[in-house]
2 protein chains.
Amino acid sequence: MAAQDTELVGSLVQLMHKLQDLYAESSRPLGLTPQQAHLLCVLLAGPFGMTELSRIMSIERSSLTSMVDRLERRELVERLPDPADRRACRIGLSAAGTKLADQAHTTYTDRIAELTAALPATQRKAVVSAVGVIVGA
Amino acid sequence: MAAQDTELVGSLVQLMHKLQDLYAESSRPLGLTPQQAHLLCVLLAGPFGMTELSRIMSIERSSLTSMVDRLERRELVERLPDPADRRACRIGLSAAGTKLADQAHTTYTDRIAELTAALPATQRKAVVSAVGVIVGA
DNA sequence: TATTGTTATACTCTATAACTATA
DNA sequence: TATAGTTATAGAGTATAACAATA
C-alpha cells in the first residue's frame, strides 16, 4: 500500500472514532444510546418493516426486535400493522419519538457543523464528493 | 444551519456508518469484535496504563477492565507491572496479540484503500486536511 | 487525600438457532 | 417452501458506585 493510502486511511479511521464519540455525547443527555439515536433518526424517514430496517442498520432482525421492544416500552416507537401482509409490521415513530429523534438529529448535526465551520467551500465539496465515492452513491 | 452544512454533515454521518460496517466486517473473521480490534490496534503503539487507555478509547476504566480480562484470558494481551507505580499496570500485546492486531489493521486498512483507490490526489489531500481540522489536529 | 485499577451490579447490543404465523 | 418477525440463549460492551492498595 502506498504512502498516500496510509495517510488517507489513517485520517478516515480517526474521523470515524471522532464522529462516534460525538454521536455518543449527543445521544447520552437525551437518555439514548448511540444505536437507539441511530434507529430513531432512521425512522424519521420511515416507517419501515423489520427486515428492511435490519438491512439499513446492518444488524440481525432478532437484535432489532430487542431494540424495538425497549423503545416501544418507552413509547418512542410503535409497531403498526402492515395492511398488505399479516406477518409483517411497520415500525414508526410516536409523537414523543419524533420529537426525540429531531432533538438527537439536531444535536449531533449542530456539533458536527461547529467542527466543520472553518472549512472552506472547496474542501467541503471535496469531502462530500469523496464520501460519495466511498459509500458508493 | 445552512444548506452546505446539511450536505456535509449528512455525508460525514453516512461515512461514519460505512466505516463502522467495514470495521465490523474486517474484525469478525478474525474472531474479534470491532471494539476488541480497536483495543488491539491501539496497543500496537503501546503499552499503556488502564487510565490512559480508557481515555484513548473514550470508555470508563471499569469497562476496560472487562475487555482486558477477556483478551488476557485468550492470551492476546498481558498486564505488565509498572516499575514506577505499584498500583498501576501496563497493558501490552502478547506475540499472538501483536500478530492479530497486525492482521486486523491490515484487513480494514486494505478495505478502505480499495474503496478510496479511485480518488484523485487533490481530493485525498482535501479529505486529510479536512479531517485534521475536524479532529483538532 | 488523590489516584490506580478492580469488583459488583444492571442494562444494552449483538448473534445464532429454533420457532410461529403467514405468503 | 419461503419469508416476516419473535423467542431463547449466551456473550460482549457499557456505566455507576463502592472498594482496596498505593501515592
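A, B, ... follow the sequence lines: proteins, then strands. Residue 1 opens every chain.
For DNA chain C, no neighbouring residue in residues 17-25 of chain A is found when judged by any heavy atom under 4.0 Å. Contacts with DNA chain C (heavy atom under 4.0 Å) in residues 34-55 of chain B: B:Gly49, B:Met50, B:Thr51, listed by number. Contacts between residues 68-80 of chain A and DNA chain D, defined by a heavy-atom separation under 4.0 Å, are made by A:Arg79. Residues of residues 88-99 of chain B that place a heavy atom closer than 4.0 Å to DNA chain C, in numerical order, are B:Ala88, B:Cys89.
Using a 4.5 Å heavy-atom cutoff, the side chains of A:Leu8 and B:Ile112 are not in contact. Taking the side chain as every heavy atom from C-beta outward, A:Arg79 and A:Asp69 approach each other to under 4.5 Å. Using a 4.5 Å heavy-atom cutoff, the side chains of B:Leu15 and A:Leu19 are not in contact. You'll find the side chain of B:Leu22 stays beyond 4.5 Å of the side chain of A:Met16, heavy atoms only. Contact of the A:Arg70 side chain with the A:Ser66 side chain is registered, since non-hydrogen atoms from C-beta on lie closer than 4.5 Å.
Remark: B:Glu114 pairs with B:Arg111 by the salt bridge (Lys or Arg N to Asp or Glu O under 4.0 Å) rule, at least two apart or across chains. Taking the salt bridge (Lys or Arg N to Asp or Glu O under 4.0 Å) definition, one finds that A:Asp110 meets it with nothing, sequence neighbours left out. Partners of B:Arg124 by salt bridge (Lys or Arg N to Asp or Glu O under 4.0 Å), not counting sequence neighbours, listed by chain and number: A:Asp5.
Pairs passing the salt bridge (Lys or Arg N to Asp or Glu O under 4.0 Å) check and including a residue from residues 52-67 of chain B, sequence neighbours excluded, do not occur.
At a threshold of 4.0 angstrom between heavy atoms, the contacts of A:Thr33 are confined to the sugar-phosphate backbone, with no base atom among them.
Bending across the helix from C:dT1-D:dA23 to C:dA23-D:dT1, expressed as the angle between its end axes from five pairs apiece, amounts to 0° (10° rounding).
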Donor-acceptor pairs under 3.5 Å, side chain of residues 101-109 of chain A to any protein atom, not counting sequence neighbours: which ones?
residue  : atom : partner  : partner atom : Å
A:Thr106 : OG1  : A:Asp102 : O            : 2.8
A:Thr107 : OG1  : A:Gln103 : O            : 2.6
A:Thr109 : OG1  : A:His105 : O            : 3.0

Listed pairs under 3.5 Å, donor-acceptor, residues 84-95 of chain A side chains, sequence neighbours left out:
residue : atom : partner : partner atom : Å
A:Asp85 : OD1  : A:Arg87 : N            : 2.9
A:Asp85 : OD1  : A:Arg87 : NE           : 3.3
A:Asp85 : OD2  : A:Arg87 : NH2          : 3.0
A:Arg90 : NH2  : A:Pro47 : O            : 3.1
A:Ser94 : OG   : A:Glu75 : O            : 2.7
A:Ser94 : OG   : A:Leu76 : O            : 3.1
A:Ser94 : OG   : A:Ala96 : N            : 3.4
A:Ser94 : OG   : A:Gly97 : N            : 2.9

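Here the straight-line distance linking atom OG of A:Ser58 with atom NZ of B:Lys18 works out to 9.0 Å at 0.5 Å rounding. B:Thr98 OG1 to B:Leu43 CG: the interatomic distance, rounded to the nearest 0.5 Å, is 9.0 Å. Going from atom CG of B:Leu115 over to atom CG of A:Leu12 covers 9.5 Å, rounded to the nearest 0.5 Å. Here B:Leu119 contributes atom CG and A:Ser129 contributes atom OG; the two are 7.5 Å apart, rounded to the nearest 0.5 Å.
Taking the six-membered ring where tryptophan is involved, the planes of B:His17 and A:His38 are essentially parallel, since the angle between them stays under 30° and well short of 60°.
At whole-Å resolution of the value, CG in B:Leu64 and P in D:dA12 are 16 Å apart. Summarising the geometry, the separation between CG on A:Asp82 and P on D:dG5 is reported as 8 Å, rounded to the nearest angstrom.
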Using a 4.0 Å heavy-atom cut-off, write out nucleotides 15-23 of chain C from 5' to 3' as B (base contacted by protein), S (sugar-phosphate only) or - (no contact). BBB---BBS
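Of the possible donor and acceptor atoms, one in the side chain of A:Gln36 sits under 3.5 Å from a partner among the backbone N and O of A:Thr33.
Connection of B:Leu44 to B:Tyr23 is not established within any shared hydrophobic cluster, with ILVMFWY side chains joined at heavy-atom distances below 4.5 Å, either directly or through further cluster members.
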